[in-house]
Amino acid sequence: MSETAKIPVIDFKTYGIDVKNDESVSDKHLRKLGNEMCQALEEIGFCYLKNHGIPDEQLRLALKSSKQFFTQSVDDKMKCIKPDDSYFGWIGLEKERLNPNRPAGDYKEAYGLIPGCGIWPTNIPDFQKVHSDLFLSCVKLALRVFDVISVGLKLEDKHFLRKSIFYPAVASTKEIIEGQVRCGEHSDYGTLTLLFQDNIGGLEVKSRDGEYIQAPPIPGTIVVNIGDLMQRWTADKLIANKHRVLIPTEEMKKGVDRQSLAFFVNPDEDATIRCLDDSNKYEPITSRDYLNMRFYEKF
Ligand SMILES: O=C(O)CCC(=O)C(=O)O
Ligand SMILES: [Fe+2]
């Protein structure tokens with residue numbers, strides 16, 4: 001079996017966001033998708049989705065305007081810097097360290113946004129519109145993915161955050177600290193993540209036997225994975241798997257920027273997360289308390 005065969009590709013055609021009337025999908029199709037997706041999320045916590053219905057052009061424009069943002073001068077980016085008490089805006093190079101045991105900050109930059117976030121680069125035409133449009137498509141798709149995986153589960157309001165992540169090319173003159181990575185080993189915190197990557201590759205997912213396997217970009221697909229809160233909610237039935245992005249060792253790959261767009265879904269802050277199977281394996285906790293705990297741990 002090739003490595004990627006371990007991360008299944010699920011065909012979402014019957015319930016993609018281009019299927020206008022979401023009630024037109026038959027129970028049979030919904031059950032089939034639900035089974036396929038839950039099996040993937042139980043086994044490895046990740047899957048690819050094809051025929052998801054988000055227009056290629058929307059993704060292309062979002063990746064393009066992100067790159068335009070990240071490749072400008074630090075002075076220009078500083079105009080959009082993320083305030084300490086906010087999730088929105090620009091986060092500079094090496095500021096985040098997703099695996100605290102790594103010796104240096106992750107070799108990446110990021111930009112957190114939602115449509116009403118109020119922090120936008122004014123010098124990049126369309127940045128706000130392009131990212132807001134994609135955000136709304138992601139909300140639609142995430143809700144459909146929830147329909148599929150949360151069989152019998154009625155989830156309340158959800159909160160969304162989109163992050164554009166930029167991994168700059170590593171110049172041959174740049175001293176990389178041994179063990180420094182583009183994005184340290186971590187699992188996501190919330191319930192669901194939709195991840196779009198450009199064609200550079202580098203994402204790795206931990207397999208059952210503890211080895212990291214490649215999750216290369218597959219044209220036309222997006223990566224779906226679940227976070228710790230969903231694992232807790234399902235009393236460990238679905239797994240929030242660890243993943244990372246290393247700095248490529250080959251000089252040629254190292255010298256190329258990488259861009260990804262992650263869309264994180266969290267439950268409403270007041271929602272109490274208690275194990276769905278009534279096992280009480282984990283104490284009930286509000287989404288707010290859980291996420292605060294995780295953020296303070298990491299940053
Ligand atoms: O850039 C990627 O491919 C992964 C990013 C990621 O896992 C995260 O930001 O949580
Ligand atoms: Fe992640």
Side-chain angles (χ1 to χ4, degrees), residues 3-4 7 41 44-49 59 62-63 66-67 69-70 82 87-102 105-114 131 134-135 138 142 145 159-170 180-207 212-219 221-231 238-248 253-254 256-266 290-291 294-295 297-299:
E3 286 202 326
T4 49
I7 303 177
L41 297 179
I44 189 148
F46 273 72
C47 62
Y48 291 92
L49 278 194
L59 281 169
L63 288 169
S66 289
K67 188 156 182 171
F69 175 82
F70 289 116
K82 179 183 91 60
Y87 297 124
F88 310 128
W90 177 62
I91 303 162
L93 192 63
E94 298 175 335
K95 286 276 184 288
E96 287 186 338
R97 191 182 311 204
L98 289 187
N99 176 355
N101 299 323
R102 287 279 174 184
D106 290 348
Y107 204 74
K108 68 159 195 257
E109 303 173 33
Y111 198 108
L113 61 92
I114 58 171
H131 285 274
L134 179 59
F135 187 97
C138 288
V145 171
H159 276 177
F160 303 98
L161 170 71
R162 254 266 324 284
K163 232 177 176 183
S164 172
I165 308 166
F166 183 68
Y167 302 90
V170 184
Q180 187 173 16
V181 292
R182 277 187 156 163
C183 177
E185 294 77 1
H186 69 285
S187 47
D188 295 342
Y189 314 140
T191 44
L192 183 76
T193 305
L194 306 179
L195 184 72
F196 309 90
Q197 19 174 0
D198 65 8
N199 58 6
I200 300 302
L203 176 66
E204 296 183 0
V205 173
K206 199 170 183 178
S207 68
Y212 277 85
I213 60 168
Q214 300 286 338
I218 301 182
T221 69
I222 59 177
V223 172
V224 175
N225 65 285
I226 63 153
D228 300 323
L229 204 47
M230 186 70 131
Q231 174 164 342
L238 304 187
I239 51 175
N241 206 350
K242 286 232 158 79
H243 48 287
R244 68 181 183 190
V245 183
L246 298 183
I247 296 177
K253 289 199 176 162
K254 209 159 117 178
V256 182
D257 302 328
R258 174 174 188 267
Q259 168 82 60
S260 66
L261 303 169
F263 178 78
F264 300 105
V265 183
N266 296 321
Y290 182 81
L291 294 172
R294 294 299 306 269
F295 279 120
E297 235 172 61
K298 289 284 156 73
F299 298 110

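All values reported here derive from a predicted model rather than from experimental measurement. We count ligands from 1, going down the list as the structure has it; atoms in each ligand are counted the same way.
For Y167, there are no ring pair (Phe, Tyr, Trp, His ring centres under 6.0 Å) partners two or more places apart in sequence or in a different chain.
Panel note: side chain R182, backbone P168; a donor-acceptor pair is recorded below 3.5 Å.
Relative ring orientation between F166 and F70 is described as parallel, the plane-to-plane angle staying below 30° on a 0-90° scale split at 30° and 60°.
The shortest distance between side-chain heavy atoms of I165 and V245 does not fall below 4.5 Å. Counting only heavy atoms from C-beta outward, the side chains of E185 and Y212 approach each other to under 4.5 Å.
Closest approach between the Fe ion (ligand 2) and any N/O/S atom of D188 involves OD1.
Counting heavy-atom neighbours within 6.0 Å of K82 NZ, excluding the residue itself, gives a total above 12.
Of the angles at the Fe ion (ligand 2), the one spanning NE2 of H243 and NE2 of H186 is 90° when given to 10°.
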List ligand 1's nitrogen or oxygen atoms that come under 3.5 Å of a protein nitrogen or oxygen, with the partner atom and distance.
residue	atom	partner	partner atom	Å
ligand 1	1 (O)	Y167	OH	2.6
ligand 1	1 (O)	R258	NH1	3.0
ligand 1	1 (O)	S260	OG	2.7
ligand 1	3 (O)	R258	NH1	3.2
ligand 1	3 (O)	R258	NH2	2.9
ligand 1	7 (O)	H186	NE2	3.2
ligand 1	7 (O)	H243	NE2	3.0
ligand 1	10 (O)	H186	NE2	2.9
ligand 1	10 (O)	D188	OD1	3.1

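Summarising the geometry of I247 relative to Y107, their closest heavy-atom pair is CD1-CB, 4.1 Å, with the distance given to 0.1 Å.
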